[in-house]
Trainee: 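Here's a structure for you.
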Amino acid sequence: MSTPLLLQALAVLSAPATGAATVLGLRARRERAGAAEERQRLRARIAELEERCAELERTASCDPLTGVWNYRHLQLTLDREIERARRAEHADQADGPRPLAVLLLEIAGFDAVIAEHGRARGNAILRDLAQRLAMEIRRSDTLGRYSGHEFLVILPDTGADGAAQVAERLVWSVRRHLLLDWSSGTRAPRPARGNGLTAAAGVAVLPGDGTHAAVLLRAADAALAEARAAGGDCWRTAPPPGRRSTGPGGPPATPPEGAATAERDRSEKAGSLSACTGGDPLAQPVASHTPATVAVPRDVLS
């Protein structure tokens, strides 16, 4: 067979293979393009799910009325901080165990606010006050709604003097907080004797007042009862076991000697509540906030 005829025969025989290779190449390119689109779609879906998961975590940890941390988050945080303090106690450290303080704050006077402005505006005032209190603590501290008009503050690496200083500042902030004003004119001046709200605070410190969450909170609750019996608008430290509470005529609490100068780092710029509030919670006043709330059992944390 001559060479031209052989070439023609080979061309005829190779035509199907060439066509098949072309088809396979096109199919492979389409599959690669489809796989790239699928990967991009999966990445977008993963990002969406991560965002939803973060939102669910935030919602599950925040109180819907005040926007601060809720009872569940307080429980987990207190257990974690106590365990952290215990690990530091067993470690070989020259400074000894890490201090930890809890502060139970009860706000009084909201019945009059609700009677004058209504429950919806009373809830908005409570939210605004909670955000104000959040600005009075460090970023490493945790403030949350314990129940009703009670708030719990967890203060890591804080001893009795530092906790007393925080209690004094929070009680003063409640008394002097400028309530929301819904009038269209200029805001009325702050009353000379405060806004009608007062706070009583009870302080307990680990390990002197307990080394377990339930015991520590029981001591803070006993200190709060003494501050309440003293007429409120003051704070008390946890009483020794067996000591009776101070009666209504008892003198108001004063910070222990040296509290004004102890832990001066607390007087620096206050931090926020971290992810729970986001941004400056006092940048804009809360106009209204009336979500339904679920009553939280007033039992001790375990």
Side-chain angles (χ1 to χ4, degrees), residues 54 57-88 97-107 126-127 129-160 162-171 173-174 199 201-207 209-221 223-224 235 238 263 265-282 296 298-302:
E57 288 183 0
R58 188 193 66 82
T59 303
S61 298
C62 287
D63 178 65
L65 177 60
T66 60
V68 298
W69 298 116
N70 63 10
Y71 182 90
R72 173 181 176 273
H73 185 84
L74 290 173
Q75 181 182 25
L76 297 175
T77 302
L78 183 56
D79 288 340
R80 183 178 64 248
E81 292 298 337
I82 289 178
E83 181 62 27
R84 176 172 171 261
R86 286 174 176 173
R87 288 198 304 268
R98 292 180 182 272
L100 173 66
V102 295
L103 191 155
L104 195 56
L105 185 78
E106 182 182 57
I107 302 174
L126 179 62
R127 176 183 175 87
L129 179 58
Q131 302 294 328
R132 176 67 262 173
L133 294 176
M135 300 298 294
E136 297 294 336
I137 62 175
R138 304 169 302 179
R139 290 185 180 274
S140 58
D141 301 334
T142 302
L143 180 144
R145 190 183 182 198
Y146 190 55
S147 68
H149 298 150
E150 289 185 353
F151 295 88
L152 181 68
V153 187
I154 302 172
L155 305 168
D157 301 320
T158 303
Q165 185 179 352
V166 176
E168 183 72 23
R169 185 163 65 244
L170 293 182
V171 169
S173 297
V174 172
V203 177
V205 182
L206 181 147
D209 299 319
T211 56
H212 188 270
V215 180
L216 204 59
L217 284 170
R218 193 178 300 119
D221 203 19
L224 174 61
W235 56 270
E263 301 190 25
D265 62 309
R266 285 191 164 277
S267 62
E268 296 176 356
K269 185 178 179 181
S272 68
L273 274 183
S274 73
C276 202
T277 55
D280 185 0
L282 299 179
V296 181
R298 179 71 164 72
D299 56 351
V300 297
L301 301 177
S302 57

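All values reported here derive from a predicted model rather than from experimental measurement. When a residue number appears, it is its place in the shown sequence, counting from 1.
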Trainee: Testing the basics here: between R84 and D157, what is the closest heavy-atom pair and its distance to 0.1 Å?
Mentor: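 Shortest heavy-atom contact: NH2-OD2, 3.4 Å.
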Trainee: What distance do D141 atom CG and L103 atom CG have between them, rounded to the nearest 0.5 Å?
Mentor: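 If I round to the nearest 0.5 Å, the distance is 10.0 Å.
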Trainee: Which atoms form the tightest heavy-atom contact between L143 and A134, and what is the distance?
Mentor: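 For L143 and A134, the tightest heavy-atom pair comes out as CD1-N, 4.3 Å.
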Trainee: Checking S173 now: which residues fulfil side-chain contact (heavy atoms from CB on, under 4.5 Å) with it, not counting sequence neighbours?
Mentor: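 For S173 the side-chain contact (heavy atoms from CB on, under 4.5 Å) partners, ignoring immediate neighbours, are L133, E136, R169.
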Trainee: Tell me, please, which residues at least two apart from H73 pass side chain to side chain donor-acceptor pair (under 3.5 Å).
Mentor: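 Here the qualifying residues are T77.
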Trainee: Are any side-chain N or O atoms of D209 and backbone N or O atoms of V205, one a donor and one an acceptor, separated by less than 3.5 Å?
Mentor: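 Checked: pair present.
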Trainee: Go through it in stages, so that I can follow the logic: the residues are L78 and V102, the test is side-chain contact (heavy atoms from CB on, under 4.5 Å), and I'd like the CA-CA distance, side-chain angles, deciding distance and then a yes or no.
Mentor: CA-CA 9 Å; L78 183 56; V102 295; 3.7 Å; yes
Trainee: Can you check whether P156 reaches R98 side chain to side chain, under 4.5 Å on heavy atoms?
Mentor: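 When only atoms from C-beta onward are counted, R98 and P156 do not touch, as no gap falls below 4.5 Å.
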Trainee: Just so I know, are the side chains of L105 and V153 near enough to count as touching, which here means a heavy-atom distance under 4.5 Å?
Mentor: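 L105 vs V153: side chains apart.
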Trainee: Please report the shortest heavy-atom distance between A130 and T66, naming the atom on each side.
Mentor: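 Smallest heavy-atom distance, with atoms named: CB-CB, 3.9 Å.
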Trainee: Which residue is it: T142, D63, I154, L76? I am looking for the one with a side chain to side chain contact (heavy atoms under 4.5 Å, CB included) to W69.
Mentor: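 With W69 as partner, side chain to side chain contact (heavy atoms under 4.5 Å, CB included) holds for just one option, T142.
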Trainee: Go through I82 and L206 one step at a time and tell me if the side-chain contact (heavy atoms from CB on, under 4.5 Å) criterion holds.
Mentor: CA-CA 8 Å; I82 289 178; L206 181 147; 4.0 Å; yes
Trainee: So which atom in L155 and which in R138 form the shortest heavy-atom distance, rounded to 0.1 Å?
Mentor: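 L155 and R138 have their closest heavy atoms at C-NH2, 4.3 Å.
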Trainee: Can you tell me if N70 uses its side chain to pair, donor with acceptor, with the backbone of A60 under 3.5 Å?
Mentor: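 Present.
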Trainee: Please report the closest heavy-atom contact between Y146 and L217, naming both atoms and the distance.
Mentor: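 For Y146 and L217, the tightest heavy-atom pair comes out as OH-CD1, 4.1 Å.
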Trainee: Donor-acceptor pair, distance only, cut-off 3.5 Å: does the side chain of R145 make one with the backbone of G148?
Mentor: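 Flag set: sc R145 to bb G148 pair under 3.5 Å.
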Trainee: Going by heavy atoms in the side chains, are I107 and F151 under 4.5 Å from each other?
Mentor: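 Yes, at least one pair of side-chain atoms sits under 4.5 Å.
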Trainee: Side chains of L170 and V166: does their closest heavy-atom pair fall under 4.5 Å?
Mentor: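 Answer yes - side chains close enough.
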Trainee: Would you confirm whether E168, through its side chain, and A163, through its main-chain N or O, come within 3.5 Å as a donor-acceptor pair?
Mentor: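 Side chain of E168 to backbone of A163: no pair is present.
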Trainee: Sequence neighbours left out, what passes side-chain contact (heavy atoms from CB on, under 4.5 Å) with E83? Give chain and number order.
Mentor: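 With neighbours one apart ignored, the set is R86, R87.
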Trainee: Grab the two heavy atoms, one from A204 and one from A219, that are nearest each other, plus how far apart they are.
Mentor: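 Closest approach of A204 to A219, heavy atoms only: CB-CB, 3.9 Å.
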Trainee: With rounding to the nearest 0.5 angstrom, report the CD to OG distance, E106 to S147.
Mentor: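 OG of S147 is found 8.5 Å from CD of E106.
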Trainee: Enter the distance from D79:CG to Q75:CD here, rounded to the nearest 0.5 Å.
Mentor: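 It is 6.0 Å, given to the nearest 0.5 Å.
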